[in-house]
Protein chains: 2
Amino acid sequence: MAREKKIDMVILGLLSHEDLSGYDIKKRIDSMISFFWKGSFGNIYPALKDMEEAGLVNRISESDSGREKIIYKITDKGSESLKDWLKDEQAVNEIRYETLLKLFFGGALDKAVSLANIEQFENKVKGDLRLLKGYCENLKEHLDNDDHMYYYLTASFGVETYEAYLKWCMKAKKILKNGVV
Amino acid sequence: MAREKKIDMVILGLLSHEDLSGYDIKKRIDSMISFFWKGSFGNIYPALKDMEEAGLVNRISESDSGREKIIYKITDKGSESLKDWLKDEQAVNEIRYETLLKLFFGGALDKAVSLANIEQFENKVKGDLRLLKGYCENLKEHLDNDDHMYYYLTASFGVETYEAYLKWCMKAKKILKNGVV
DNA sequence: AAGCAGATATATCAAAATGATATATTAGGG
DNA sequence: CCCTAATATATCATTTTGATATATCTGCTT
């Protein structure tokens, strides 16, 4: 089986809901799943080209006006490819936290530096948590709608983990200041 | 200011504690920080070469016996570079969770598929949490030692977040099964 | 003592992701 | 009418990832 690029699956997933251009896809990624997945023009546009060649998507319109805009539609083959990936229980989940990296090596400098890094992290998390809670409250009202429910589930993952981050921040600051648990 | 590769900082951070070979560095990354950061031979060895040229590290021994082994030592310049990075409060923190991606697009298939994906994730997390809790309990005894304290802080981040993951798993499974909050 | 598996050790490569930049068009506000 | 911001595609250098190649050494078994 050919190794699948993750960005391909993201694109197919989005196209399974609606026809989109590369630019639209980038916007959807940024607004809906950016807190746990990212995409860039640098991999979206080449992926669309490759997938068109492979018959997973079709371009269904191009430049209605003078402005160029290429809208893509998922094909049956693309849909099958998406489902195969969804059914495969293997999943790579990873975090990449520079804040933790700096903390781990914090011994090279005064504890005040580590404290500042944690506080910086804490503030960022507080802002993001506010946003995610907002999404969740709106989505909660429409759990009968499947699309909203799946969106709600991922957003609530964010809420749950960000709250844990804040809990950890308080604990970590205390330990750094007092050296106690 | 030159853009710094993250792997460079990881290597300098590790070398600030002890002299190491590229292979040693990979082992340290895998055993101590792999749950929030990764490294591969493919970027470690080239990074060591580049940093040696830039005067951030020195090779202090090579092939005592017939077996080739290059040990690196951090230089003053390397140490400064590490400290500059630590002092910079900017930090990129990102998660990349394929499980959430599959859940987000789960509507394309039966809910049983999403449930299976969550359960797979849950089992993985349970195992990892057990490990992290073990580390934490050992490290907790030595918070007076700075190195152990910084290690403890990062490990306890893992414990806190993994516990939140499990809490979310239970909630998510309930919603998928019953459609309620 | 021979043989073999597994750990040690460095190196390299294709593929993928990242982040930035280039280019051009269009819509809306002042 | 001009300017800014948003729309839209495309490309590129840099970095990371994951796999593989090559060779040595250690410890265990037979």
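Values below: every heavy atom of this structure, side chains too, minus hydrogens, waters and symmetry copies. Throughout, a chain's letter reflects where its sequence line sits, starting with A, and its residues are numbered from 1. Remember, predicted model here, so these are calculated numbers, not experimental data.
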In residues 125-137 of chain A, what donor-acceptor pairs under 3.5 Å come from side-chain atoms, sequence neighbours left out?
from, atom 1, to, atom 2, distance (Å)
A/Asp128, OD2, A/Lys124, NZ, 3.0
A/Lys133, NZ, A/Glu163, OE2, 3.3

Residues two or more places apart in sequence or in another chain: which of them pass ring-ring contact (aromatic ring centres under 6.0 Å, His included) with B/Tyr151?
A/Phe104
Rounded distance (Å) that lies between atom P of C/dT18 and atom NZ of B/Lys5
18 Å
Rounded distance (Å) that lies between atom P of D/dT16 and atom CD1 of B/Ile44:
11 Å
Round to a whole Å and report the spacing from CH2 of A/Trp37 to P of C/dA16.
13 Å
Between P of C/dA17 and CG of B/Leu101, the distance in whole Å:
11 Å
Provide, to the nearest angstrom, the distance between the CG atom belonging to A/Asp50 and the P atom belonging to C/dA15.
11 Å
Using a side-chain heavy atom cutoff under 4.5 Å and only I, L, V, M, F, W and Y, what cluster partners does A/Met170 have?
none
Grab the CD-C1' distance between A/Glu94 and D/dT16 for me, whole Å please.
10 Å
Share the residues that join A/Tyr23 in a hydrophobic cluster, the rule being Ile, Leu, Val, Met, Phe, Trp or Tyr side chains under 4.5 Å apart at the heavy-atom level.
A/Phe41, A/Tyr45
Which heavy atom of B/Lys87 sits nearest a heavy atom of A/Leu109, and at what distance?
CG-CD1, 3.7 Å
Quick one: which of D/dT15, C/dA17, D/dT17 gets closest to the side chain of B/Lys38?
D/dT17
Expressed as a whole number of angstroms, how long is the span from B/Ile7:CD1 to D/dG18:P?
13 Å
Does a nitrogen or oxygen in the side chain of B/Arg96 sit under 4.0 Å from OP1 or OP2 of C/dT18?
yes
Going through the checks in order, is the salt bridge (charged side-chain N to carboxylate O under 4.0 Å, His left out) test met by A/Lys171 and B/Glu160?
CA-CA 10 Å; A/Lys171 198 174 128 187; B/Glu160 216 69 70; 3.7 Å; yes
Please write out each protein N/O paired with an N/O of nucleotides 6-10 of chain D under 3.5 Å, distance rounded to 0.1 Å.
from, atom 1, to, atom 2, distance (Å)
D/dT7, OP2, A/Tyr23, OH, 3.4
D/dT7, O4', A/Arg67, NH2, 3.4
D/dT7, O2, A/Arg67, NH2, 2.4
D/dA8, OP1, A/Lys69, NZ, 2.8
D/dA8, OP2, A/Lys69, NZ, 3.1
D/dT9, OP1, A/Ile70, N, 2.7
D/dT9, OP1, A/Ile70, O, 3.3
D/dT9, OP2, A/Gly22, N, 3.4
D/dT9, OP2, A/Tyr23, N, 2.9
D/dT9, OP2, A/Tyr45, OH, 2.8
D/dT9, O5', A/Tyr45, OH, 3.4

Assign each of B/Pro46 and A/Asn43 the nucleotide of DNA chain C bearing its closest heavy atom; nearer the 5' end lies the nucleotide of B/Pro46
Just to verify, what does B/Lys83 make a side chain to side chain donor-acceptor pair (under 3.5 Å) with, not counting sequence neighbours?
none
Between A/Lys26 (NZ) and C/dT21 (C1'), how many Å, whole number?
14 Å
